[in-house]
Structure formats: structure tokens, C-alpha cells
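Taking it in order: structure first as C-alpha cells, then the write-up.
Worth saying up front: this structure is predicted, and the values here are computed from it rather than measured. Chain letters run A, B, ... following the sequence lines, proteins first and then strands; every chain starts at 1.
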Amino acid sequence: MTVRERLRQNISAAFYRHGLLCASYPVPIVLFTSASILTCCYPLLKLPLPGTGPVVFTTGVRDYTIPYHEPQGEIGERPEWYRGPPVAYIQQVLVKAAVSPWDNTLVPVDVFRSPIGRVFSLLEEIRNHVYTDSSGVRSLESLCLQVTDLLPGLRRMQTILPEHGCLLVSPGNYWQNQRDLFDLDSDLLKTIHQHEPKGFHISTSLRDLLFGVMKEHTGVSLYSKKRVVTYTITIALSSYDPRFLGSLRARLKQLHPSLNCTLRDDHMVHVHFKEEIGIAELIPLVTTYIILFAYIYFSTRKIDMVKSKWGLALAAVVTVLSSLLMSVGLCTLFGLTPTLNGGEIFPYLVVVIGLENVLVLTKSVVSTPVDLEVKLRIAQGLSNESWSIMKNVATELGIILIGYFTLVPAIQEFCLFAVVGLVSDFFLQMFFFTTVLSIDIRRMERLWFLLADLNRRLPSPHTITLQAPAFRNLRLPKRLRVVYFLARTRLAQRIIMVGTVIWIGILVYTDPAGLRTYLAAQVSEQSPLGESGLPPHLGVAPVFPGGDPTSTLSVLPAPEPTIIPENHSNGHDSLGHITPVSPQISWGPEDEDGWKHLYLRQWPSLFSYYNITLAKRYISILPVIPVTLHLSPQEAIETRHPQDTRHQPPPIPRTPDQQNDLTLYKVAALGLAAGVLLVLLLFCLYRVLCPRNYGQNGVPHGRRRRGDLPCDEYGYSPPVSEISPLLLRGHSMDIECLASDGMLLASCCLAGQIRVWDAQTGDCLTIIPNNGLRRSSSSGGWEHRDGWDPMTMPEPDTLSGADTGACLEGAECDGYPLRRRLTPSRPALFVDQPDLTPLIDTNFSELPPSQKPPKNGFDFGELVDRAYQEHEPSPSLAFTPSPTAPQPRRPSVGDQPVMSPDPCSPGPTDWDSSVWAMELRGNLIAAGRSSGKLELWDAVEGSLRCCNEDGVSGITALAFHNNRIVAARLNGSLDFFTVETNKPLGAPGRGSMPPSPCYRSEDVINCQLTRSVQCAHQKPITVLRAAAGRVVTGSQDHTVRVYRLEDSCCLFTLQGHSGGITSIYIDQTMVLASGGQDGAICLWDVLTGSRVSHVYGHRGDVTSLVCTTSCVISSGLDDLICIWDRSTGIKLYSIQQEVGCGASLGVISESLLVTGGQGCVSFWDLNFGDLLQTVYLGQNSEGQGVRQLLVLENAAIVCDFGSELSLVYVPSVLEKLD
Amino acid sequence: MPRLEEHCWSCSCPTRMKAEELSSASWVASKAEEMMSIVTSVAGHACGSLHRIQTANLIRRGLVLFTIGVFLALVLNLLQIQRNVTLFPEEVMATLFSSAWWIPPCCGTAAAVIGLLYPCLDSHLGEPHKFKREWASVMRCIAVFVGINHASAKLDFANNVQLSLTLAALSLGLWWTFDRSRSGFGLGLTTALLATLITQLLVYNGVYQYTSPDFLYVRSWLPCIFFSGGVTVGNIGRQLAMGCAEKPHND
């Protein structure tokens, strides 16, 4: 027991150390493992590829001996299938016959009738040939391969193929080898054709078998131009007798000399055939593979609680597969060659090796305490499971060893593979998978850390339960994720394409009749050392691996033998005279490899007729015996059948390729049809796989009609939720600004009224009224504006309202033109500005000219603002992004001239100017007014706490961050304020001021201008965002500037937009995105100030931008919401919004997007663009679009439509989601 | 019940046999129909006595097991056939469909019975099976079972004793790897013995003809195949029962 305990401890310690090692150096270890896998798989390159044709091996005839069963000493050159005697020796007699000289009195049938007729005498000759020597008399009968019955299914071939005798096939078989039948046959072609299979066929036909050459080379056709008939007599021999064959060859050559023949007769070719897989073998094979995949699926499904489930599942499968490959490779390396069918035993090997250890490892590692360091977690997880893993491996090894002692060779081989596979699998588990797991856990860890960090930094006490993206991602349907991933990256298509191309390339290269031989031949031809003087078709014995004597020109498309005079002079002596039309028999190299065009299917199918399989066996093809027959025209005429002359010669000699052409057309038509079908199929697949047409601008969603339920592309319309949102009413006019800190919600309407709501309950807590409104003088103007449509803001209304407001001020009416003349000249920096010349007054007598306005004096900014107002609807808009954006409405309120402002801060404020920007932090509302005044209100009590009037230009944007307020003004300057709390006790609050956002009511709050950047931008600042200690401003001058919040130092000026900046996004993780009027979206690196990516997404302005960790969401004036991949900048998909609602969007969590519509808000799954749910906001709000949308931190959504606010709580939506 | 199941098994044996020939198909067909009717009636009685939900559950499980049995019978039959046939697909298909059509249904029924019997026995014995209860393991078990059949069909053994011993070792290994329960072993053994006995009886009656009875007038590897088949089907049945039992619990 103690030994066991000690062993266990040792193993545990070793695993612990190993885990530390793996987690410490992940990349080197992964590289090392990959290298070792590749090294071990290297011997696999020698193994034949699946799908290659038969293998050819060539030996010399002279010293041929039947190979032994057992491999002899030098195996180097011999393939290992070359053992034992072949199934058969194939001896072919290649006959070329022609009627010569050709006579015009001959009919086309004469081309082949008499040449074929000669086959019978040849057959007689061959059958009767005997060879006598000292050992006895040998005839063909004693040597040939005796065959028995044909297979039962081949009754129709019974009359043609030989049965119960020698396997000897020739064209004579068509007529049962009887000359009489041949002579009686009136239509030879019909006889030949009637055995052709109907329709298309890939395998060899009977005609190919009997003729032994390709159909187009036989010359048996009425339209043959060459008038040379070629066929073979094929004899299958069961034993090899060189003397008999030699005498047969000599006899035939003597009878029918073919003097110009250059065929080599000193090589025999051995052809080895692969195992053929029939349907009977395929079904069990497929079944085992299905079971295997089910096993893998069920196994990898258990991987959980990791960052990337798919990654780890892939790693597990890779581990097992590469361990198998390694085992095969290693076994090959050490001389053990696999004789088993790899495809068959593969699933069993996988099952034996199994994925269990990998799963156990994962489970153990993820169940270690999360707060540990990654290294330690890995090490601990490993050492926890070390004992069971070792036990498991040992048990499996034991079982396999037992299997090894069954002494069945196949099982022994299987066990050997399994043992090596197990060991390499263990190795890979320990090195590869553990390292991958550590990488994954580290990523997970980073995520956790980030989340924790975020939660810590958030000032709000609320924790957002939706924030953990890991949890949300885990719940998403995996099927969809895979499909979308595949669709997005087009991974499957690419892999399949590349794989196919590589496979085809390799096949072409390694095919015996393929590219390699051709290339080798080309090289040998062109090299000066080769027989360069010879014409190409005579190039004999090119350098081949294994001394293959096959021709160089095999891949050329059926080269017609050209006649070389000096070659043929001898042969044609016997012919006497040669007329140009006379058929000439020539022996070219293509005759030698005639078998090559056929052997793929010919021999196996021939033998299979007699139930002899050639699978995994080989046959030896002996060198052909050439026979040349020259027939005289008399002979041809004598052998004619009476009906032959009825065949009139064709009036127009068609091309000899006519039939081929016909076949070609058929093939082409079929191929075209198949291609069209394939394209359609692929298209359907593509549609199924990629429903989101990413990369295209504008999804044809179709505008939703009002009242219609919004639905996604599948026509699926999610149920309308039952929940009724909270309606916050009270504002009399359209709501301008919204601000929230999670607890409270502040809204400000056009009337200047600020209301503070409880974000949880929707109760109105405080009303900060705009006193100026109570004045009757201006009420008429306000009421007049009540019916404004924000989209079409009529200019006259603005003017009249302003004018009435101004003129009803009484005394102000007089001063107005006067003051107008007093307007100082602003720095002429702007080009795209309203004409301010009427404001310039050269009469300086009454008032001192002031470049800077007096502290308590007149506010010239107002006048300029007013000029801006008048200028606004013109196309060359200065600081508003567009006429339809909500921003233009803001300054429209600030028309009324300023009363003399009170310098005292807690006193009454100027009620006349309107609120342009508002921020809410803690219980303080910061309101920026059009007069340039910054006010701090107590949100709970509704009292003015502080007021700062250092600036005169209207505040267009505000950012409230901790105790700092940044205000962007209309004139392009940027002011930094500090909020200081002075305790009533008198303690100096400067140093001890807590950054807590809560300001008690008894504190005296002081707001000081710490720094003012005068020319922050040269044009009005349109956007201001603050986060992560940075303040980012975007302006009309096409630039974005980044400031540090602490010391208001400008860090970067980011240039890259070609239009004014309309939206900016920055968050705690320093992600900065900006969108401009040019429709471009830029992503920036805040640390370096460099542009990360730049995409054009919208027609018109980008109205809002939000980023998540994986994507960027932008909306534009074209009412399109686009979702971009953040890292690659590829558009994932887009959502068509309703008119005017384009800018309202918000992100609730990593994967939940909310958008506003006509009287409703919709929730979208951000990962796939699925519409999840639509919430209608109320009966009376249907006509109005949601203009603003604010996502609170407790996952409630505030929407602004018209004068109402709606509070929607998201958890109710999420319940439905899950 | 056991008697019935033996009958079924006896019918299913030829699927896993080499080169059997059908002599009197009509007689067997009538007999098979008879058996099927008995089975259905008994099953109906059994189902009626049980609780309604359980009955539906049972029927569902039975159907799944039946399908698996039929499928395995077809595939394994093909595996056995292909050894003796050449490359002609039509020949194979003809052989497949001409030989005893009633074999797959009988196999399916047998699989259903055994697969339902295993969890039943577990609950009666009061020792619920907890060893490696997951689908991955079940898949592995099926794969090994197919592998054993594959080996018996394709490998060339020196003699029949060797074949039998190897298969016996493999079957025991299967049981030990995936089951390891006494009840499983007992039921598998009983199944194997009875099924072999009944196959033998059928052969004696002339329903089948062996090409070569080898060892004590029995094809000695038959019990091994039956044993591993029983264990495999029992494994599936247990997993199914567990899956069905868990689902309402989750709800």
C-alpha cells in the first residue's frame, strides 16, 4: 500500500511540475509539439493517396522470376505488393491490318471486314501453337488461365465471353470464334454495337475488352480515314513459360513480319489494383463513421466553462487524430507497413484511444479555484487527475497487450497501432492539449479580470448582471454560432476548395500516365544528354523511376503517328507502290502503351466476370506481340458479304471524329447540366449558410408599416411582450436632453423645465421650472411652437417666435439693434459660417470695443447664436450634423436676449436661455445653457447649488466625470471645471475632497474654471465624451482631439475624417471610435493616436456609435444600423430602421442591442442580428418615433418620444430570451 | 417474458452468422408472425398495467430500441454477407433482400425487449447502474460492438478455437469496460446461452443450415456475439431510461 501511495504521490508531483511547465511556456511547447507531429507524420507521405489508380511496376523480361512471397533482402526498389505470383500474365497480340493498296472500287466496309476476318486464322495459329523441348510438349491449353462459369448476372454475355476454358478474348468472340458466323454476318457494326451498353458508362465496355484498344483507335468505322484496323488478341496465362511465349512470338513474327516495329519487348509491366469499395462495404463503414462522430459529439459536448468551447473541442479532436497519424507514421518509419484497410480500422482506433482523458483533464482544470494563478490552476488540475489518468492509460495498454497475444496477425497489427497511438496520444495530451487549455484558461482569466475591474471602477452601486459576456455566450445556440462563424469566414468553402485543388494536383502529378511522366519525359528530351537528335515520338526509354518504358507522349491527345520515310522504307518494300491514299501501317510508341488507356478498369472488370477479384492483387502484362497484316484488295472483295455493297459510301466524307464529337457534345451537355445543378445547389447552400448578406450595403428589410409586427428575414415574428413600460409624463414640450446616473434620471424639455425622475420607480422627484416661461410675454411664442415637428423645422417660425419673444421684451426691443451693432468681430476662422457682417457695427462711440466681453456686461454670444439660428437651415450647415438630426432643435430655444445676468452664483439664474446640455452625477445636475452659463442643481431638492459664468459662448456639450466638468462651447473652446465641496465646518475641501459623486446638501459646492482651452477647435465642437481619464472632442473642423482630464493637456489631434465629426464613442477600455458627416467610421488607438481602421458605412452622417468588445455599431442618417466586426472592419450585417429613428440605439450587454422604432423599442441579438422582441410603448405613442434612447445601468431603457419618457425594464425581456 | 425474448433472439441470431441459408422461409415467416403477435399482445398487457406516462415513456424507448436493433441487424448482416460476395452491388443487394426479411424486425424486437429489461432489472435488484452513464460512453460501446462483429467477419483466424477465444475475450472486455455490473453480466450470459440454444434448436429443425459446425456442434463464437450484443443493447436501454427519467425531473 505504501508503495502505491508513494507512486501516487510521485506521479502527482510530476504532473504538477509538468503543468507548471506547460502553462509557463505555452507557445514554445505548442511549436515543439507541432514540429514533432509533423516529423512523425512525415513517413506518411510515402503511403499512397486514397483515390489514385492502379500502381505500375516494371521489370525486365529476361531475368524475370516469380517474386517470392516473403520479402527478400533488397526491397528498396520493389513495391511491397510485388510478392508472389500474379493473378495472371496477360499476353496481347496487337494486330494492325489494312487493305493495301486502297482501291477506289472498295466500299467502306472493306476497311475492316477482311482485317477482322483474319483474326480467326490468327486464333487458330495461336491455339494450335505447341512448343516441344526436352521437358515435353506445351501448348496454350496447358499454360492459359482456365476460367469457369460467368457470374449468374451475366447471362447475356454467355455467347460472347469464353466459359470453361482458356481466357482468350479477341474480336472473334463476337462471332463465337467461328468464321462461318462471321461470313454470314451482314452487318458487322451492328453486331459489335448491340453489346454496347445503353447510355453513358464510365467503365469499360465489352467492345473495349474484346478489341483491347480504345474505341477510337480500332478503326472499325465506316468513316475511318486511316483505313487501318487495330485490335488485340488477349491471352491470360496462369503460368509463365518464357520458352513457349518466345516461340509463339517468333512464329507470329515470322508469319506476319512487322519490320518497322520499334516496340520494345524486354519489359513486363506489373499492375497492382487497389481494393474496390462496393456498396456492401460502404454501408458498414459509413455506419461506423456515424457512430464515431456521435461519440465525438457527445464527448466534446461535455467541455464546459471555458472561453472557447469549439476551440477546445477542436484541440481534443486534433489530439486524437494526430496521435493516430503519428502512430501510423512511426510504424511506417520502423518498417511495419499497414496492411489493414486504414479507413476501416480508423474509427475503432479512435474509439479505443478515446477522448476521455482530455475531458477529464478539462473538467479537473476548470474546477480548480478561480482566484488562483493560471499556472497553478493548470498544475493543480493536472495533478488532481494524474492518478486516474495514469491508471487509465495503464489499463488500456494492458488490454491491448492482451489483444497482442491473441496471435492473430490482423489483431496484432491493430494492437500495435493502438499501443503506439495511445502512447503518442498521451504525449499529445500532456503537451499539446494541456498547453492549449492553459492558453484558453488564461484568456478566460483575462476576461474575468476585466469584468472585475470594470465592476470595481463603476461608480454606481448597481451591478449589471448582464455584463458577463462569457455567461451569455454560453447560452447561445451553438449550432447557430458555428453556422454563422462558417458563413462569416467562408471557412468551409475555402478549405474544401483548397483541399480539392491540392488533391487533384497531387493526383495528376502522381498518376502513372500523368504529369510527372510527362514532365520527366520533357526534361529528358530537352536535356542535351538525352537523345536530342531523335524525333520526339521515337524517344525511347525516357528516364523513369523504376525504369518504366512507357512512352513519353502518353498524355498527348492521341497523337497520330507521323510517317518518317527512313523508318518506313523497309516495311513498305513489300507493299510495292504506295499511293497517297493507301493506308499505311506504322508502329508508334502509342501502341506500346495502349494498355495504359485501358488498364484502369479493363482487367478488373474482365476478371470480375469470372468472379476473380483483382483487388489488392496484381497482374503482369507481357510485352505485346506486334502483327502486321497487309491484305490485297482482292482478298477484301472476296470476303465481302453480299449486303456490304449496299452501304453506299457517304456522299460527304465526314470527319473521322464525328462519333467522338457526338459523344463530346453529349458529355458537354451533361456536364453543363450538372454544372448548373451544382451552382444552384451551392447557391441554396450559401443561402442557408449565410442568411445575412454581409458586406452588402443595406439589407432589403422592407420598411415596416405602422402596426405591422417587425419580423426578421425568416418571417419569424417574435411575440409582442405583455409588459407595459412605465410612462413618465409631465413635460409640456418635447424633451431635449436626457441624463442619468442609474439611480436618477433627469430630463429637460424645450421649455427649459428640468424634471428629475427615479429611475427605478418612475416617480417624478423634483421639478426645476423655468421661471422665464411664466412670463406672459413670451408664452405666445412658445405656444406657437408647440406643434413643431422636429423633422421639418420651419424657419419663419423660429424667426417669428424669436422676434415676438424679443420684441415683447419691451425695452430690449430698443436695445436690440443697438447691441447688434456692437458685436465684436469674432476671429475669422470659419469658412462655413453665417454672415455676421450685419452684426458688425463700426460705431464705437457709445460703448467701448471689447474683444473680450466684460464680466458682467453684455453677452454678444447670443447675437452670434442668433445669427447661427438664422443661418441654420441652409445647406452649408455649420455645426449641426444635419437638418434632421435632433441636435438642430437645441439652439432654437435660445433666441431670447439675455437679461443682465446675476454674478452671484446661488442667486436667481437666467431663465431665459435654454439648456443645451445636461449631465447628471450623483445628485448633481450640471446644465449647460445657451448663454454659456454652467449651473449645478441639486437633483433631489431642486435648488441651484452653484453657477459659473466664466464663459459667454453657449455650452454645446458637457461631460461630468468624477469631480470634473468639461464644457464645450459653441466658439470651439473647451472649459475644464472642478467641482469642489466645502464643508460647512470650514474644512478646506480641496485636498480632502472625496471623489464620491454624492454631494450632501449641506456642502457648499463651488465650481471653478480650472482651465480654458480657447481654441480647442477651429469650429464648433459637436461632440464631447469623457471616459477613462480622457476627454475626446469632435468638431466641425474634421478633427478629433484627445485631452487628458487631469491637466487638460491635449494629447492627440486625430485627423482622418473628411467631414465634421458627428459622433464619438469612448469607454473605459480606451476604445475610441468616431463617425463623421462623410459617413466614415474610424477606430483609433487612444494610446498611440494611430488610426486602427477606417470604414465607410453610411450615406450621410453617422449619428451614433457604440462599441462592444467584438463589434462596432453605428447608425446613420440613412436610418441604417450597421454592425461591424471590430477587429477586421468587415460589416457583419445591417438593420434597417424606421425613418427618423436611426440614431436611437443602445447596447445593453455584449450581445443585446436595443433600437427604437415607431412607438416601440426592439431588442436584437447582436451576434446574429436576430430580432428578439419588440416592446410597444403605449397606445398614444404609436405615431412617434423614439428619438433618443438611453440605457441605464440597471438595464432599464429610457426612451424619449415627444414629450414623454418611457422606462422599459430589460430583465423582463431577458426572461423570455432564455 | 424471458421465453419470448429468447425466441426473438433466436430469430435474430442468423443475422450475425456467416453464410446461413434459408430453407423454409414460409414456415419461418408464419412462425415469426405468430411470435410478433404474441409479443405485441404481451407488451400491450404489460403496458396497460403500468402508469400512463410511464407507458408512453416505455413505448417511446421501445421504439427507439427497436429502430436501433433493426438498423444494427441490417448493417451487421451486410458486414457478414460481403465476405462471400464479389464486387457486384446488385448481387449484394439481392442477397440482402432475398435472405430472411423477418430477421431485422425480430432483431429490433429483441433489442427492445432486452433494452427495456436491463433498467427494469436494475430497479428490481435495487442497484442502479451508475458506471459511466453518458452518451459518449454508449457510443463507444456501440462502436466496439460493431468492431467485434467486423473482426469476426473480416479477420482470418487460424482456427475456430482461436476465433472463439478472441471473441470471448473481446466480449468480456466490452462488459468490463462499459458495464461492470453483476446484473448486466448475468443477463448477458443468460441471453447468450438461451439464444444459442434456440438457434441450435432451429438449426436442428432444419430452419437453417450451417456450412460448417465447428466446435461441439455449435458455432462457438455465437454466444460471444450474443453476449456483447446484449450488453450493448442493455447499455443503450439504461441510458434511454435514465434520459427519460431525468427529463421530467428537470422540468
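The backbone N or O of B:G184 sits less than 3.5 Å from a side-chain atom of B:Y118, completing a donor-acceptor pair. Between the side chain of A:Y295 and the backbone N or O of A:L355 there is at least one donor-acceptor pair closer than 3.5 Å.
A:D425 and A:Q429 share a side-chain donor-acceptor pair at under 3.5 Å.
Heavy-atom distances place no part of B:A169 under 4.5 Å from chain A, backbone and side chain included. At a 4.5 Å heavy-atom cutoff, A:T300 makes no contact with chain B through either its backbone or its side chain. Both the backbone and the side chain of A:S299 come within contact range of chain B, judged by heavy atoms closer than 4.5 Å.
Considering only residues two or more places apart in sequence or on other chains, A:Y348 meets the ring-ring contact (aromatic ring centres under 6.0 Å, His included) condition with B:H150.
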